[in-house]
Every structure is written in C-alpha cells, then in structure tokens.
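To start, the structure under review is shown below, and the notes come after it.
Both ligands and their constituent atoms are indexed starting at 1 by order of listing.
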Amino acid sequence: MKKKNSLIYKCSACGHEEPKWLGRCPECREWNTLTETALKNEGSNSLGQRKAKTGSDLPKPLPLSTVDPMEGSRIGTGIGELDRVLGGGIMKRSAVLVGGEPGIGKSTLLLQLAAAAQTKGRILYVSGEESPGQIKLRADRLGLSANKSVMDRIEILCSAQLEEIEYNLNNIKPVLVMIDSAQTLFSPDAGAVAGTVNQMKFCSLELINWTKEHDASLFITAHVTKEGVIAGPKTLEHMVDTVLYFEQNDADFRFLRGAKNRFGSVDEIGIFTMGEHGLSPVDDTGRLFLVRREPSNAPPGVAIAAVLEGTRTILVEIQALCIPAKGSISRVFSDKIDSGRVSRISAVLEKHLGLRLSDHDLYVNVAGGIRITEVGVELALACALYSARTGLALPEDLAIAGEVSLTGEIRPVRRLAGRVKTAVNLGFNGFLGPAEKEVKGLIPVNDIKMVISKIFGNVKK
Ligand code: TYD
Ligand code: MG
C-alpha cells in the first residue's frame, strides 16, 4: 500500500500542488484541473530525514549594508509610455510578460523596444514565429533600417528550441532578451509534445532563470485568446515580475496595462496608436476620450468625469440612457463601468433626491470605450443618470470628480487639485467636486442635493 503522503494533487493548468483534492485550483481558479500525482523522491523529504546541503557554491547571506543598490538599476526603454507602465524603465534581472490578442502589436513593440532601449549592451531578439526576412521587413517598416548602429546591435535568432536559445545566450551574453513567443518554445527535456502548457512553463522558467543569473532582462510575449486568458492558463504570470496586457478599444487606441508589477504601480496605462510606422505613444491623453461636438450642444445624459489613470488625469464622457423597464424587473446595462456601481449610484439618487429610477432600464457607456474603475467617476455618473432621467443637459464646460457615499454625501478623491488643473488647462470653465481647502477653481459640494442645486439652480424638473 502507498504511504498516505506519497500522493499530491497537481493542477494541470498551472502546476500548483495541493495535499488534498479540490474541485477548483486555488491558484489559477480553473475547475477540475487537480489530478492525482505521485510525489517524487518519496520519503526523502519526510521530517527528521532531511539532511542539510553542504558545499561552497551554495548561496550565503549578506549583511544588508554590503548590498550593491546598483543591482536594482533600470534601463530606459526609450519609449515614454512603456517606461510609465514599467514604473520608470526596465529593471535589471527582471522578466516582463507581454500578453495580448494576435495582431495587437506585441512583436512590433518588442522590436521597437530593441531599437530604442537605452543600453550599450547586446540585444537578442528570439522569434519562434517569424523568419529573419519577415523581421527585417518589419524593421524596414518601422524605419529602423536607416540606422546602422541600431540594426547592428539587434541580433536575431529564429528558433524556438530552448537548448538552441540557451547556447546563443551563453555565447552572446545579451543585456536584453526578447522572446516571441512563449507558446512556441519547446525542449525535449520538458517531455510530451511541443505547445503544451508544461513545455511553455519549463522553457520560460529556464530563460527567466538565465536572465536573472546573468544580470539581463527578459521580455516574453504570450498570445491571449478572445476571452482574455493567456493560452496556457495564467501559468506564466506567477513566474515573471511584471505582466503587461495589450488591449484595443473601438477607436483603435492600444492600451498597455500592468496586471502585475513587482517594481511599480499597476495603475499606470500606456496609450499608443498603430500607424504606418509602428506604434506611436499618445502623449496628450487629457482630451482623448472626449466627444467633439458643436459648441453648446451637449445632449442630456452626458457628464464629463475627470478620472485618474495611474498618475494622469483623463477627461472622459459618461453617457447614460434611462427608459421605462420593459419587464417587471429593471436592468442595468453597463460594461465600461461596473454595473454594481451604476445600481448603487441610482439607488442613492432615488433615495436622496426622490428620482425614480428603479422602474427604468439603465444604459451606461463611456465614450472612447475605455474601462473606468476609479472611484472618482461616481459623481459624474450620478450627474449623467440624473440628466438622462430628467432630460436636463449639463453645462458642457463642466468637469466633475467625486465619490458618492450611500448617505448621499460627496467624499474626497485622490489628487483633486491635479484633476482640476488638468481640466482647466483643457479649457473647462467649471469643476465640481468634494469640498477641499486650497483647490483653486473648484465648485465645492457636500452632498448630492447640493450638486443638483449648483448645476441646475432652481430649474424645475
Ligand atoms: P504584430 O506586432 O505582428 O502583432 P502581434 O505580435 O501582437 O501578433 O502587429 C500587428 C499588426 O500591426 C499587423 O496587423 C500589422 C500592423 N502594423 C501596422 O499597422 N503598422 C506597422 O508599422 C507594423 C509594424 C504593423
Ligand atoms: Mg507577433
């Protein structure tokens, strides 16, 4: 009979191990992926039997005072929007995963990065998907070919086999390694068939380890399916330091969003457009999501929110539509702002202003198709819903920020002064927000009733 602890349950999706069987993997949240697996080296790990390793090549602890802070220094990417999402450049010894749907621009970003990175070291660009000729064509298109020193320093290796890549890494000792893509990597040592999750995980981990041991940095791309999951579920996310996702909106902007960042904030987004010559950063993002209309022509149901995306303020148009509910239950249709938030704000309006919304279907959208999760959007959302329900349009040169509490009070938000400053610079004449001292140009409001009286004065519904 097998010993009780000789079995473990291993997730086939992410490799997570559990001592007991579970219906859902606690690590990657996949269902029915835990399978019974025999524990390797049975017995050698049992208590009392472990022997401490000995040997001179084992790592030894260092006094913190002797640690060289330069080990953590960064390399500028030469692409401002990418630096922003990374938290100020590429951290040495870090591994960055760039995920996104096919065609979004992952390979283009990596090639542009290889050309612009502020390092004198060597750069190895490994592609398992394209031929050297195809990569050269892309470089021509990006206008890189004219610069001989750039073309010389990017070394192309078209291979997906781990051993071939490692051989070249050891020969070249690059400071920057691009791997395009994780899904194509394979190694005979990883067993089974190329393209499986295990292959990808094994090879990626080897390459990540190589970069950490050799003071290099690694960028590795991964295809994401339409549903937004990295094919080969989430496994790589745990192994890298930073995870960036490339997304696209209806207006063709490409957003680079951090989903995990050991060396910076995940609030920052990078915004690009894809043009004839590759990806260009969008610097002036303040007005990007505003709808251009003829002056004094804003319809009811529209309010302008000044929200934070990372450290930047962007102004976005929140659009609301209310129509009498078709069924006995009213519904909320909102995918750019969490629909729970929309329901909560409409409940506050109903309770504190007596505005009947519960028998209406509510539709909410954000112009430009950007998802807004920042709490400061709530007051503008409340104004848009009020305006949609009453048919009264808001002044179009009014920007709004604030959190709405269940009691109808307007709560403070982060960086209010910065939001007001951005809005004023963009030509807004009024800014409605929570009362805060020393914020010039602010129309302070304490609660939702005061908001309505400030905006609409004594106008009757
Ligand atoms: P690509 O980087 O190959 O995407 P991914 O690696 O994520 O699959 O590029 C995607 C698309 O971008 C492709 O359809 C061609 C287009 N593109 C341009 O419009 N302009 C350019 O300068 C380049 C290089 C590509
Ligand atoms: Mg590609």
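- The pair Glu378-Arg344 meets the salt-bridge criterion, with a side-chain N (NZ, NE, NH1 or NH2) lying under 4.0 Å from an Asp/Glu carboxylate O.
- Among Leu113, Leu218, Asp83, the single residue meeting the side chain to side chain contact (heavy atoms under 4.5 Å, CB included) criterion with Ile90 is Leu113.
- Using modelled atom types, no side-chain atom of Arg84 and backbone atom of Ile271 make a donor-acceptor pair closer than 3.5 Å.
- Protein N/O/S atoms nearer than 2.8 Å to the Mg ion (ligand 2) total 1.
- Here Arg138 has side-chain heavy atoms under 4.0 Å from ligand 1, and that is the only part of it that gets that close.
- Nearest protein heavy-atom neighbour of atom 22 (O) of ligand 1: Gly278 N, 2.6 Å.
- Residue contacts with ligand 1, taken as heavy atom pairs separated by less than 4.0 Å, involve His277 solely via the backbone atoms N, CA, C and O.
- Protein heavy atoms are found less than 4.0 angstrom from atom 25 (C) of ligand 1.
- The shortest N or O to N or O distance between Pro102 and ligand 1 is not under 3.5 Å.
- Ser181 does not count as a contact of ligand 1, since none of its heavy atoms falls under 4.0 Å from the ligand.
- Set against the non-hydrogen atoms of Gly275, the atoms of ligand 1 under 4.0 Å away are 18 (C), 19 (O), 20 (N), 21 (C), 22 (O).
- For atom 11 (C) of ligand 1, the closest non-hydrogen atom on the protein side is Gly103 O, 3.4 Å.
- With respect to atom 2 (O) of ligand 1, the closest heavy atom belonging to the protein is Thr108 OG1, 2.5 Å.
- Between Trp210 and His214, the ring planes are parallel. Angles under 30° get that label, and only those over 60° would be called perpendicular.
- At least one heavy atom of Gly105 lies less than 4.0 angstrom from ligand 1.
- The closest protein non-hydrogen atom to atom 6 (O) of ligand 1 is Ser107 OG, 2.7 Å.
- Between the side chain of Asp180 and the backbone N or O of Thr221 there is no donor-acceptor pair closer than 3.5 Å.
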